[in-house]
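Since the structure comes first, as structure tokens, the remarks are kept for the end.
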Protein chains: 2
Amino acid sequence: MSAPTRQSFPLTDVTAVSVAGSAITADACAPAPGVAPLSPVAAADAAGLLKAIADPLRLRMLSYLSQAGQAEACVCDLAELADVSQPTVSHHLKVLREAGILTSERRGTWVWYSLEPAHQPAVEALLGAISTPQSTPLITGENDDH
Amino acid sequence: MSAPTRQSFPLTDVTAVSVAGSAITADACAPAPGVAPLSPVAAADAAGLLKAIADPLRLRMLSYLSQAGQAEACVCDLAELADVSQPTVSHHLKVLREAGILTSERRGTWVWYSLEPAHQPAVEALLGAISTPQSTPLITGENDDH
DNA sequence: TGTCTATATTGACGGTCATCGATTCATATC
DNA sequence: GATATGAATCGATGACCGTCAATATAGACA
């Protein structure tokens, strides 16, 4: 938990790179001073957002709201995406709201949820990366059958 | 009972639709039989994968392995991405391995991890969707103050 | 006012997760 | 075989998550 006082993330170019061709000869682990491209802070941020998204119902909610012509949805609509109680639906919406992914607006009796405009492109890109069925079968059902 | 501003996507068309200019007058939430674009099964699959990725250290590991010229990394390298114990590093690698995102190969004393080829494009797309700094500030540090 | 409906909040419970110390396994080298 | 090192597993612990029943809040309408 200590602060990474060392010159960690900043994309400073790696000093020693590539080296010889026979790198795999199992000689050394090569401490590789070059550090990860994602800074600890950025990683924590991204992990927080992904955690908010990484739930079946929340994913379906986002997917629903990402549909063309589905700019908004009231809670009662989103509640039909899964067979859970009303407080549970409210809880999931709160998670997405507090993560900055959704915004809500009350109009009369109902509360309408929509994608936060700032995050909309990223959310859609993420959903696309997850479910692209043609080239990258991330979720095409081979998660557990081999 | 007309629907406010909705119009479900393809699939089953909504019987009673919109009309009414003053849609917002709080009339009905329109049960909208239209189903979510992401099936429950697909959502569960995707959620499982996202859960595996949604951790700061695991994100950095993947980011590290996604770097050009970083096809492989031994555990001792990946361990330097965070200040945690060796069993913890091993645990995180196991999570990614069992999610099908990483593969491991022992060569001599060390164990080398690399992205599962089948998932590599999706993982890279996902990392890209998360950290694209130009248009979609998903992780640019405005996580919660909207 | 009061009642009804839609949504949010609270509090609790069981399950899962991240982490560690201790141990075990695997491989290399002496 | 004995020893050292890299990595995985085991067992425990505290924190977090998803869920629900009960309750509270907000607005619409009589």
Side-chain angles (χ1 to χ4, degrees), chain A residues 1-2 25-32 40 43-44 47-61 72-99 102-114, chain B residues 1 4 22 24-32 40 43-44 47-61 72-99 102-114:
Chain A
M1 214 115 314
S2 62
T25 57
D27 212 342
C29 225
L49 275 162
L50 286 176
K51 267 192 229 282
I53 296 176
D55 177 90
L57 176 51
R58 296 201 288 267
L59 265 177
R60 298 192 78 211
M61 287 171 164
E72 292 184 318
C74 71
V75 177
C76 58
D77 276 345
L78 296 169
E80 294 194 352
L81 295 176
D83 191 18
V84 294
S85 69
Q86 177 267 321
T88 299
V89 172
S90 199
H91 160 71
H92 285 296
L93 288 171
K94 183 180 186 179
V95 170
L96 292 172
R97 216 174 48 226
E98 292 186 340
L102 292 186
T103 34
S104 63
E105 179 191 358
R106 171 159 227 137
R107 284 204 294 272
T109 305
W110 294 283
V111 175
W112 297 84
Y113 280 80
S114 56
Chain B
M1 310 303 191
S22 61
I24 311 176
T25 57
D27 218 339
C29 223
L49 276 162
L50 287 176
K51 267 191 228 283
I53 296 176
D55 177 271
L57 176 51
R58 296 202 287 269
L59 264 177
R60 298 192 78 208
M61 287 172 165
E72 292 185 318
C74 71
V75 177
C76 57
D77 275 345
L78 296 169
E80 293 194 352
L81 295 176
D83 191 18
V84 294
S85 70
Q86 176 266 321
T88 299
V89 172
S90 200
H91 159 72
H92 286 295
L93 288 171
K94 183 180 185 179
V95 170
L96 291 172
R97 216 174 48 226
E98 292 186 339
L102 292 186
T103 35
S104 63
E105 179 191 358
R106 170 158 228 139
R107 282 203 298 272
T109 305
W110 295 283
V111 175
W112 298 82
Y113 279 81
S114 56

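Every heavy atom of this structure was used, including side-chain atoms; hydrogens, water molecules and symmetry mates were not. Here is the naming used below: chain letters follow the sequence lines, and residue numbers restart at 1 for every chain. What you are looking at is a predicted structure, and each value in this text was computed from that prediction instead of being measured.
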Could you tell me the separation between the CD1 atom of B:Ile53 and the NZ atom of A:Lys51, rounded to the nearest 0.5 Å? 12.0 Å
In Å and rounded to the nearest 0.5 Å, what is the OG1 to CD distance from B:Thr103 to B:Glu72? 8.5 Å
Separation of D:dG6 atom P from B:Glu105 atom CD, nearest Å, is 19 Å
Residues that B:Ala52 engages under side chain to side chain contact (heavy atoms under 4.5 Å, CB included), provided they are two or more places apart: B:Val95, B:Ala99, B:Ile101
Euclidean distance, atom CZ of residue A:Arg97 to atom C1' of C:dT9 [Å, nearest integer]: 11 Å
Quick one: CZ on B:Arg60 to CG on B:Leu57, what's the gap to the nearest 0.5 Å? 8.0 Å
With the side chain counted from C-beta on, respond yes when A:Ser90 and A:Gln86 share a heavy-atom pair under 4.5 Å apart, and no when they do not. yes
Rounding to a whole Å, what distance do you find between B:Leu50:CG and C:dC17:P? 14 Å
Pairwise distance CG(B:Asp55) to CG(B:Leu50) - rounded to 0.5 angstrom: 13.0 Å
Measuring from atom OH of A:Tyr113 to atom CG of A:Leu78, what distance do you get when rounded to the nearest 0.5 angstrom? 8.5 Å
Check every atom of D:dG6, D:dT9, D:dT19 against the side chain of A:Val84 and return the nucleotide holding the closest atom. D:dT19
Nearest whole Å is fine: how far is C:dT7 C1' from A:Leu102 CG? 15 Å
Distance check needed: C:dA6 P versus A:Leu78 CG, whole Å only. 15 Å
Under 4.0 Å protein heavy-atom contact, by nucleotide of nucleotides 11-17 of chain D - B base, S sugar-phosphate only: -------
Closest non-hydrogen contact found for B:Cys74 with B:Trp110 is CB-CB, 4.3 Å
Hey, is the side chain of B:Thr88 poking within less than 4.0 Å of OP1 or OP2 on C:dT19, counting only N and O atoms? no
Please tabulate the protein-to-nucleotide N/O contacts below 3.5 Å involving nucleotides 1-4 of chain C, giving atom names and distances.
none

The helix from C:dT1-D:dA30 to C:dC30-D:dG1: angle between its terminal axes, five pairs each, to 10°? 10°
B:Pro87 side chain: which of D:dC20, C:dT9, D:dT9 is closest? D:dT9
Looking across every strand, which nucleic acid part, if any, lies under 4.0 Å from A:Val95 by heavy atom: base, sugar-phosphate, or nothing? nothing
Between B:Ala44 and A:Pro56 the two heavy atoms that sit nearest each other are CA-CG, 4.1 Å
Working to the nearest 0.5 angstrom, can you tell me the gap between B:Leu102 CG and B:Arg58 CZ? 10.5 Å
Between CG of B:Asp83 and P of C:dT19 the distance, given in whole Å, is 11 Å
Closest to the A:Gln86 side chain: D:dA7, C:dT19, C:dA8? C:dA8
Between the main-chain N or O of A:Gly108 and the side-chain N or O of A:Arg106, is there a donor-acceptor pair closer than 3.5 Å? yes
Using OP1 and OP2 only, check whether a side-chain N or O of B:Tyr113 sits under 4.0 Å from D:dG6. no
Nucleotide by nucleotide, nucleotides 25-30 of chain C touches protein heavy atoms under 4.0 Å in the pattern (B base, S sugar-phosphate only, - none) -SSS--
What residues, two or more places apart in sequence or in another chain, satisfy side-chain hydrogen bond (donor to acceptor under 3.5 Å, both in side chains) together with A:Ser104? none
If you define the side chain from C-beta out and look only at heavy atoms, does anything of A:Val89 sit under 4.5 Å from A:Met61? yes
Could you tell me how far apart B:Ile53 (CD1) and C:dC17 (P) are, to the nearest whole angstrom? 15 Å
Atom pair distance, as rounded to whole Å: NZ in A:Lys94 and P in C:dA6: 22 Å
